[in-house]
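Structure first, then comments.
Proteins come first, then strands; the chains are lettered A, B, ... in the order of their sequence lines, and each starts at number 1.
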Amino acid sequence: MSHPDPYDVLDSDHAFWADAVADAVETRSTGDPIVIKGGVSPSGVPHIGHANEILRGAIVADVLRERGHEVRQLFTADDRDRLRSIPRKLADLDGDLVGLGEVDAGALGRNLGKPYTDIPDPFGCCDSYGAHFTELLRQEVAKLGVDVAFVSNTELYEDGSFEEVSRHILANREQAREVLSDYQSKVDDDYVPFFARCEECGQLTETITDVDLDAGTVSYRCTDSEAGDGTIDGCGHEGTASLRDGKLPWRFEWPAQWKVLGVDFEPFGKDHAEGSWPSGVDIAENVVDVEPPVGMVYEWFTLEGDALSSSEGNIVTVGEVLEILEPEVFRYFFSKAPLKQRDFSIENVDQLVDEFDEFERVYFGESEVDDHQRELAERAYPTVVDEIREERIRIPYTFAAVLGMTDDPDQREEIARREGHIPDDAPEWAIEQALARVERASEWARLTDNAFNYELKRSAIPDHEFEAEIEQALDELADFIEAGHDGDEIQSEIFAIAKRHGIDVGDFFGAGYRLLFDDSEGPKLGPFLAKLDTAFVVGRLRRER
RNA sequence: GGGCCGGUAGCUCAGUUAGGGAGAGCGUCUGGCUUUUAACCAGAUGGUCGGGGGUUCAACUCCCUCCCGGCCCGCCA
């Protein structure tokens, strides 16, 4: 094949995969602007896996722009595809997940087999089911700061953009059959590469009985279609449809998009790699008559070890993830090698953020690493952040989670400074951005209810068992606090009391955390106790309430 | 059944393109310091590089084979 294999395109002596892809695109390119495309059918709630279709392309686009090219990034909503099954979970335009019971599921069931853009929006807020979920994705992409133009497939059919290529494919349907039959055994002599929309029931049917290119129509019979395990019943109607009232089968539609939109590069999931891609290349070259784009395969992510699945409801949306980490950390995740199977773990998201922080330090030469790591950071970092600013400050993620225990912004900043996470000469904007992580890390702690989700056990005293020495020490501390002292004084006294009683300071702190949080660790105790109401603290330290 | 991708320390991952020292961070443990267990310093711990075979002076890297996870080879995208 004259074009690169979608796996091999990632192989090169570049440290960063996007440079290898950019090389291939430059070799193929027929001039600027370079067009990069992605696409997905708006079948349900968009999840982080769908972001591959946007972010992988956006990263390559950045590299190409850095090389001086003009780049245009497109995303096709493949919204003329038909609804084949009803997802278990939907989401409103705020991105909040909604079960099927809260919408008219029956209405959806009656629309099986129809294009997404012909189905009413179950939430009633958009023009159609397809428009609803495309809008949801558009909102998520906006949060990532990617400049990408959305294109509706349905509109391309309705405004005639696909008409010429559809006509061409139908005129050469013998050739189309022959080419596709190398990839799909089901293709027989009756196969016509077009689905017509039934004028009676609105379903797309694959049974085309005649083609009249002069009139620009096809004749069809509305027959049953298979969908997964089940069958969607056709209505049996026989009629004619124009080339704008139907669609090309995916294997032809993809190359048709390449032709109509002038696509130079397209990343796609591994599900396409062995099926649609090879046939798409063949069809592009030998039926549609267009040079196929450079293709690139990406592996799928798992979520906490399990497959992401809209229909199964095992998903996390981009919006949800951006509640707990910065967009640049999210982009960083997508800048890593595409062929590696990766798990996205909310549980361990602190590790991802730590990794990003280190990556950033490497870029700014603040961390000693080997040549490969440095070269990778040099190339990849600029595609991950929207602006390179060296004075940026990152508060370690788990530390930010701890800072979340105090609501007072001034106190957060003060603690961060005291612990050396904010330099004295830090600019205001950098401090503001750094502290913004506190909200995200706190949300993460709440979401996962992990060790950083310190919750003051105010209503009832946690189970506890202390040695006599520690109990005496706690009583003394209670007396000290009752007498009225500030946070620093209390903190000092904790150490002094521990010393006097000959008990381990750690054990003493541990006792305090146990009584207050039912945990073995927690916030800096002195200042924390000083902020609570004295009566409660004293009573709790005496194990009375 | 056939093809393809992935499998490196407890965890997250580099390194495999052109064969030569198995690595980083986190975690864990020990010690130090101490206004902490949220910080810092020093040290230690840790892997049959999925298993086996082969080629080679030398294999995480190349070849064969097997195992595990996933995708494709029907439909749909």
Side-chain angles (χ1 to χ4, degrees), chain A residues 5-8 10-15 20 39-43 78 80-85 153 183-187 195 204 206 225-229 231 249-251 253-254 268-279 297-300 302 305 307 336-343 345 347-355 357-359 362 367-373 376 395-396 398-403 405 415-416 418-421 451-452 454 487-496 498 504-510 512-513 519-528:
Chain A
D5 176 277
Y7 290 100
D8 293 344
L10 293 163
D11 267 341
S12 79
D13 54 1
H14 288 295
V40 71
S41 54
S43 55
D78 296 334
R80 185 150 267 196
D81 299 346
R82 51 189 171 182
L83 178 70
R84 302 174 63 252
S85 66
N153 234 21
Y183 305 90
Q184 293 192 339
S185 53
K186 197 193 170 188
V187 174
F195 296 151
L204 291 171
E206 61 194 82
S225 54
E226 290 179 18
D229 300 331
T231 302
W250 166 248
R251 299 275 179 141
E253 188 175 72
W254 203 16
F268 46 87
K270 65 169 172 186
D271 52 334
H272 288 312
E274 308 298 324
S276 332
W277 174 255
S279 72
V297 181
Y298 60 82
E299 263 289 348
W300 288 358
T302 51
K336 299 179 7 154
L339 283 183
K340 188 97 165 176
Q341 291 174 190
R342 255 170 245 284
D343 184 49
S345 169
E347 193 83 16
N348 300 322
V349 96
D350 56 315
Q351 294 196 21
L352 176 65
V353 180
D354 286 348
E355 203 184 297
D357 289 353
E358 168 69 6
F359 172 68
V362 169
S367 189
E368 288 294 313
V369 290
D370 61 39
D371 290 348
H372 180 272
Q373 294 292 329
L376 176 61
I395 295 174
T398 52
F399 183 77
V402 175
L403 283 181
M405 283 179 304
I415 296 171
R418 187 178 65 213
E419 298 295 335
H421 294 300
F452 297 95
Y454 301 110
D488 284 345
E489 288 167 342
I490 294 171
Q491 184 73 13
S492 297
E493 188 63 14
I494 293 174
F495 279 82
D504 183 72
V505 175
D507 290 345
F508 194 30
F509 275 106
Y513 294 132
D519 209 328
S520 58
E521 53 191 59
K524 187 161 184 169
L525 214 44
F528 186 82

Generate the contact string for nucleotides 23-30 of chain B. Rules: B means base contact, S means sugar-phosphate contact only, - means no protein heavy atom under 4.0 Å. --B-----
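- Using a 4.0 Å heavy-atom distance criterion, A:D507 is classed as a base contact.
- Closest-nucleotide positions on RNA chain B for A:D343 and A:W300 were compared, and the one nearer the 5' end corresponds to A:D343.
- Residue A:R251 places at least one side-chain N or O closer than 4.0 Å to OP1 or OP2 of B:C73.
- Between A:I395 and A:A416 the shortest heavy-atom distance is CD1-CB, 4.2 Å.
- If you take atom P in B:U16 and the same atom in B:U61, they sit 13 Å apart, rounded to whole Å.
- Comparing the C1' positions of B:G25 and B:U8 gives a spacing of 15 Å, expressed to the nearest Å.
- Contact between A:F509 and A:I494 at its shortest, heavy atoms only, is CZ-CG2, 3.8 Å.
- Judged by Watson-Crick or G-U wobble contacts below 3.5 Å, the nucleotide B:U16 has no partner.
- Backbone-only contact: A:Q184 has heavy atoms under 4.0 Å from sugar-phosphate atoms and none from a base.
- Summarising the geometry of A:L204 relative to A:R82, their closest heavy-atom pair is O-NH1, 2.9 Å, with the distance given to 0.1 Å.
- Closest approach of A:S85 and A:L83 over heavy atoms only: O-CD1, 3.3 Å.
- Side chain of A:K186, nearest nucleotide from B:G74, B:C71, B:G69: B:G74.
- Atoms CG and CG, on A:L376 and A:D371 in that order, are 12.5 Å from each other to the nearest 0.5 Å.
- Among the nucleotides B:C4, B:A77, B:G6, the one closest to any side-chain atom of A:E274 is B:C4.
- Taking all atoms of both residues into account, the shortest heavy-atom contact from A:E206 to A:S225 is OE1-CB, 4.3 Å.
- Nucleotide B:G1 has B:C73 as its partner under the Watson-Crick or G-U criteria, with both atom distances under 3.5 Å.
- The interatomic distance linking A:L83 (CG) with B:A77 (C1') rounds to 13 Å, in whole Å.
- In this structure, A:Q341 atom CD and B:G6 atom C1' are separated by 4 Å, rounded to whole Å.
- A:F399 comes within contact range of at least one nucleobase, with a heavy-atom separation under 4.0 Å.
- Judged by closest nucleotide on RNA chain B, A:N348 is the one of A:N348 and A:Q491 placed further toward the 5' end.
- Taking the side chain as every heavy atom from C-beta outward, A:H272 and A:W250 approach each other to under 4.5 Å.
- Counting all heavy atoms, side chain and backbone alike, A:S279 lies closest to A:R251 at OG-NH1, 3.0 Å.
- Note that the OG atom of A:S43 and the CZ atom of A:R84 stand 10.0 Å from one another [nearest 0.5 Å].
- Here the C1' atom of nucleotide B:G70 and the CG atom of A:L339 are 13 Å apart, to the nearest Å.
- With P as the reference atom, B:A44 and B:G23 are 13 Å apart, rounded to whole Å.
- Nucleotides B:G10 and B:G47, compared at atom C1', are 11 Å apart to the nearest Å.
- A donor-acceptor contact under 3.5 angstrom links the side-chain atoms of A:R84 to the base of B:C75.
- Taking atom C1' on both nucleotides, B:C13 is separated from B:C75 by 38 Å, rounded to a whole Å.
- A heavy-atom distance below 4.5 Å is not found between the side chains of A:F495 and A:F508.
- One can place CH2 of A:W277 at 17 Å from C1' of B:C5, the figure rounded to the nearest angstrom.
- Rounded to an integer number of Å, the gap from A:F508 CZ to B:U34 C1' is 17 Å.
- Taking atom CD on A:E299 and atom P on B:G6, their separation rounds to 8 Å, with Å as the unit.
- Taken to the nearest 0.5 Å, the CH2 atom of A:W277 stands 9.5 Å off from the CG atom of A:D5.
- Within 4.0 Å of A:Y513, counting heavy atoms only, lies at least one base atom of the nucleic acid.
- Across B:G69, B:A77, B:C71, the shortest atom-to-atom separation from the side chain of A:K270 is found for B:C71.
- B:U45 and B:C62 are spaced 31 Å apart, taking the P atom of each and rounding to whole Å.
- A distance of about 30 Å separates the P atoms of B:U30 and B:C49, rounded to the whole Å.
- In this entry the distance linking CG of A:D78 with P of B:A77 reads 9 Å, nearest Å.
- One cannot find a donor-acceptor pair under 3.5 Å joining the base of B:A77 and the side-chain atoms of A:S43.
- Within the nucleic acid shown, A:W254 has no heavy atom closer than 4.0 Å to any nucleic acid atom.
- For the P atoms, the distance linking B:G15 with B:U34 amounts to 43 Å, nearest Å.
- Side chains of A:F268 and A:V297 form a contact here, defined as non-hydrogen atoms less than 4.5 Å apart.
- If you check B:A42 for Watson-Crick or wobble pairing at under 3.5 angstrom, you find it paired to B:U30.
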For nucleotides 16-22 of chain B, print each protein N/O atom paired with a nucleotide N/O atom at under 3.5 Å, atom names and distance only.
residue: B:U17; atom: O2; partner: A:S12; partner atom: O; Å: 2.2
residue: B:U17; atom: O2; partner: A:D13; partner atom: N; Å: 3.2

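- As rounded to whole Å, 17 Å separates atom P of B:C5 from atom CZ of A:R342.
- Contact annotation for A:L525: base contact, defined as any heavy-atom pair under 4.0 Å involving a base atom.
- For A:S492, counting side-chain heavy atoms from C-beta on, the closest listed nucleotide (B:C5, B:C71, B:U35) is B:U35.
- One finds no salt bridge joining A:E355 and A:R342 here, because no Lys/Arg side-chain nitrogen approaches an Asp/Glu carboxylate oxygen to under 4.0 Å.
- Contacts of A:F195 with the nucleic acid, taken as non-hydrogen atoms under 4.0 Å apart, involve only primed sugar atoms and P, OP1 or OP2.
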